[in-house]
Amino acid sequence: MGNTVTCCVSPDASPKLSRARGGGAAPGPDRWADAYQAAAGGGGSGSAEAESGDSDPGGGGPHLQHISDREFPDDLALESNPSDHPRASTIFLSKSQTDVREKRKSNHINHVSPGQLTKKYSSCSTIFIDDSTVSQPNLRSTIKCVTLAIFYHIKNRDSDRSLDIFDEKSHPLTREEVPDDYYKHDPDHKHIYRFVRTLFSAAQLTAECAIVTLVYLERLLTYAEIDICPSNWKRIVLGAILLASKVWDDQAVWNVDYCQILKDITVEDMNEMERHFLELLQFNINVPASVYAKYYFDLRSLADDNNLSFLLEPLSKERAQKLEAISRLCEDKYKDLSKAAMRRSFSADNLVGIRRSNAILS
């Protein structure tokens, strides 16, 4: 999804935010060339193959791994890469089920009433619908669900595996001194929501970008074998948002734009974090439509389990006419595709008929 991945470039060319001169960064094509050179083992500090000495025995340069060598067996792929395969269960939904089951069990033992039902249901006279669909999710509700997924990732993490590039003590986002016990206190859902909402509001990002952010976050945790915890969650989320905004949006927010939002972070720090994020993802930034849809519907399931209802509004006459027009447009498009497919099949039949015709010998 998305068209062009734009990297850090001159601050004077940003399409979205005004910025002061003098906060430039390395040109985008050069950064991508350096990153790909490092990934291919052609030199640089981030090259794993250069360190291991894995090169062509014939002296023809570094050995480039074939794409088939990186493919996993189906069982292993489904288990280890849920952000790549639509049939694999998302990690955040699995982690949230522990709390959901405990909450339901506690309510059953203590005979706690679920309380007054706040969800609206359709009737013969009134139909309630929400404005969130898989192709056009509601921004506010989606951000709430994504931040809740991040909250469960932190709360129910397996351990505290991390990397220095994401550690907030080593790379602070603000000039305020980071407390010594910063790694002990888990952030609550509201804290995570405020942080993400501020970035999305200031950078004018879309709800689809929030879903892709969660895909990249889980892909990073899987590929790099690390955990998101109190010491690194802000920088991991920021890196995922940064990458998702460049991949998804046609007019991406550049690194220097985030320096206008987070006043104390430097462009060099953003560049370094982006480079490490890409290398840890093995430059796999592709998000299939099936994976995107899986994350969307799993986020809706997460919302239902935690009473985060999507905004429901009565179906008005104007909204019904609009939905009918969209449905008719899709139906006409499907008919055109069916007719085109039938024409292709007829031509194939004629070709078979000609091929089976008897030859005339003179």
Side chains of Tyr193 and Thr198: donor-acceptor distance under 3.5 Å anywhere? no

Sub-3.5 Å donor-acceptor pair from the side chain of Asn81 to the main-chain atoms of Asp84, do we have one? no

Pairwise side-chain contact, Asp160 with Ser231, heavy-atom cut-off 4.5 Å (strictly under): no

Is Lys322 salt-bridged to Glu318, going by a charged N under 4.0 Å from an acidic O? no

Nearest non-hydrogen partners of Met270 and Leu238, listed with the distance: SD-CD2, 3.9 Å

Which heavy-atom pair separates Ile211 from Pro137 by the least distance, and what is that distance? CD1-CG, 4.0 Å

Asp298 side chain near Phe92 side chain, heavy-atom distance below 4.5 Å: yes

Taking it one step at a time, do Asn284 and Tyr223 satisfy side chain to side chain contact (heavy atoms under 4.5 Å, CB included)? CA-CA 10 Å; Asn284 180 15; Tyr223 282 24; 2.9 Å; yes

Gap separating the OH atom of Tyr152 from the NE2 atom of His189, nearest 0.5 angstrom: 9.0 Å

Would you say Asp167 and Tyr182 are linked by a side-chain donor-acceptor pair, where the criterion is simply a distance under 3.5 Å? yes

Does the Asp227 side chain pair with the main chain of Cys229, one donor and one acceptor, at a distance under 3.5 Å? no

Under 3.5 Å, side chain of Ser245 to main-chain N/O of Leu242, donor-acceptor pair present? yes

Does His85 offer a backbone N or O that forms a donor-acceptor pair with the side chain of Lys294 under 3.5 Å? yes

Spacing of CD1 belonging to Ile241 relative to CG belonging to Leu199, to within rounding of 0.5 Å: 4.5 Å

Could you check whether any side-chain N or O of Arg197 sits under 3.5 Å from a backbone N or O of Ile143, counting only pairs where one atom can act as donor and the other as acceptor? no

Is Val178 reachable from Leu262 through a run of hydrophobic residues whose side-chain heavy atoms are each under 4.5 Å from the next? no

Flag for Lys246-Asn255: side-chain donor and acceptor within less than 3.5 Å: yes

As an exercise, state the distance from CH2 of Trp254 to SG of Cys259, rounded to the nearest 0.5 Å. 13.5 Å

Any side-chain to backbone donor/acceptor pair from Asn232 onto Ile228? Under 3.5 Å, distance only. no

Between Phe277 and Phe166, what is the ring plane arrangement, given parallel below 30°, perpendicular above 60°, and tilted in between? perpendicular

Once rounded to the nearest 0.5 Å, what's the spacing between atom CZ of Phe283 and atom CG of Leu281? 9.5 Å

Verify whether one side chain among Ser170 and Asp164 offers a donor that lies under 3.5 Å from an acceptor in the other. yes

Identify the two heavy atoms, one from Leu280 and one from Ala224, that lie closest to each other, and give their separation to 0.1 Å. CD2-CB, 4.0 Å

Given the rule in the side chain to side chain contact (heavy atoms under 4.5 Å, CB included) test, do Trp248 and Thr213 qualify, once you have shown the distances and angles that lead to the verdict? CA-CA 10 Å; Trp248 180 263; Thr213 295; over 6 Å; no

For Asp186, give me all partners under salt bridge (charged side-chain N to carboxylate O under 4.0 Å, His left out), at least two apart in sequence or on another chain. Arg157

Looking at Arg235 and Asp269, is there a salt bridge between them, counting it only when a charged N and a carboxylate O are closer than 4.0 Å? yes

Above 12 or not: heavy atoms from other molecules or residues under 6.0 Å from CD of Gln321? yes

CZ of Arg194 to CD1 of Ile192, rounded to nearest 0.5 Å, is 10.5 Å

Asp181 and His185 have their tightest heavy-atom pair at OD2-NE2, 3.0 Å

If hydrophobic clusters are built from ILVMFWY residues whose side chains come within less than 4.5 Å, do Leu163 and Tyr183 share one? no

Val212 vs Val247, test: side chain to side chain contact (heavy atoms under 4.5 Å, CB included). Steps then yes/no. CA-CA 9 Å; Val212 178; Val247 174; 5.6 Å; no

Between Lys95 and Asn156, is there a donor-acceptor pair closer than 3.5 Å when you use the side chain of the first and the backbone of the second? yes

Partners meeting ring-ring contact (aromatic ring centres under 6.0 Å, His included) with Phe200 (sequence neighbours left out): none

Ser96 (side chain) donor-acceptor with Leu93 (main chain) under 3.5 angstrom: yes

Looking only at heavy atoms, which two atoms of Leu173 and Glu168 are closest? And how far apart? N-CG, 4.5 Å

Do the side chains of Trp233 and Met273 join up, straight or via other hydrophobic residues, at under 4.5 Å, putting them in one cluster? yes

For Ser94, give me all partners under side chain to side chain contact (heavy atoms under 4.5 Å, CB included), at least two apart in sequence or on another chain. Ser89

Joint hydrophobic cluster, Ile236 plus Ile91, side-chain heavy atoms closer than 4.5 Å: no

So does Lys169 have more than 12 non-hydrogen atoms from other groups sitting under 6.0 Å from NZ? yes

One should read off an interatomic distance between Leu302 CG and Gln97 CD, to the nearest 0.5 angstrom, of 8.5 Å

Side-chain heavy atoms under 4.5 angstrom apart, residues restricted to Ile, Leu, Val, Met, Phe, Trp, Tyr: same cluster for Phe297 and Leu148? yes

Has the side chain of Asp188 got a donor or acceptor atom that lies under 3.5 Å from a matching backbone atom of His191? yes

Any donor-acceptor N or O pair under 3.5 Å, side chains Glu208, Thr206: yes

Taking the side chain as every heavy atom from C-beta outward, state whether Pro82 and Thr222 have any pair of such atoms under 4.5 Å apart. yes

Is it the case that the side chain of His276 and the backbone of Glu272 share a donor-acceptor pair, with hydrogens and angles ignored and the cut-off at 3.5 Å? yes

Near Asp180 CG, under 6.0 Å, is it more than 12 heavy atoms from other residues, nucleotides or ligands? no

Of the non-hydrogen atoms in Tyr216 and Ile285, which two are nearest, and what is the gap between them? OH-O, 2.6 Å

Looking at side-chain heavy atoms only, is the closest gap between Val146 and Val196 below 4.5 Å? no

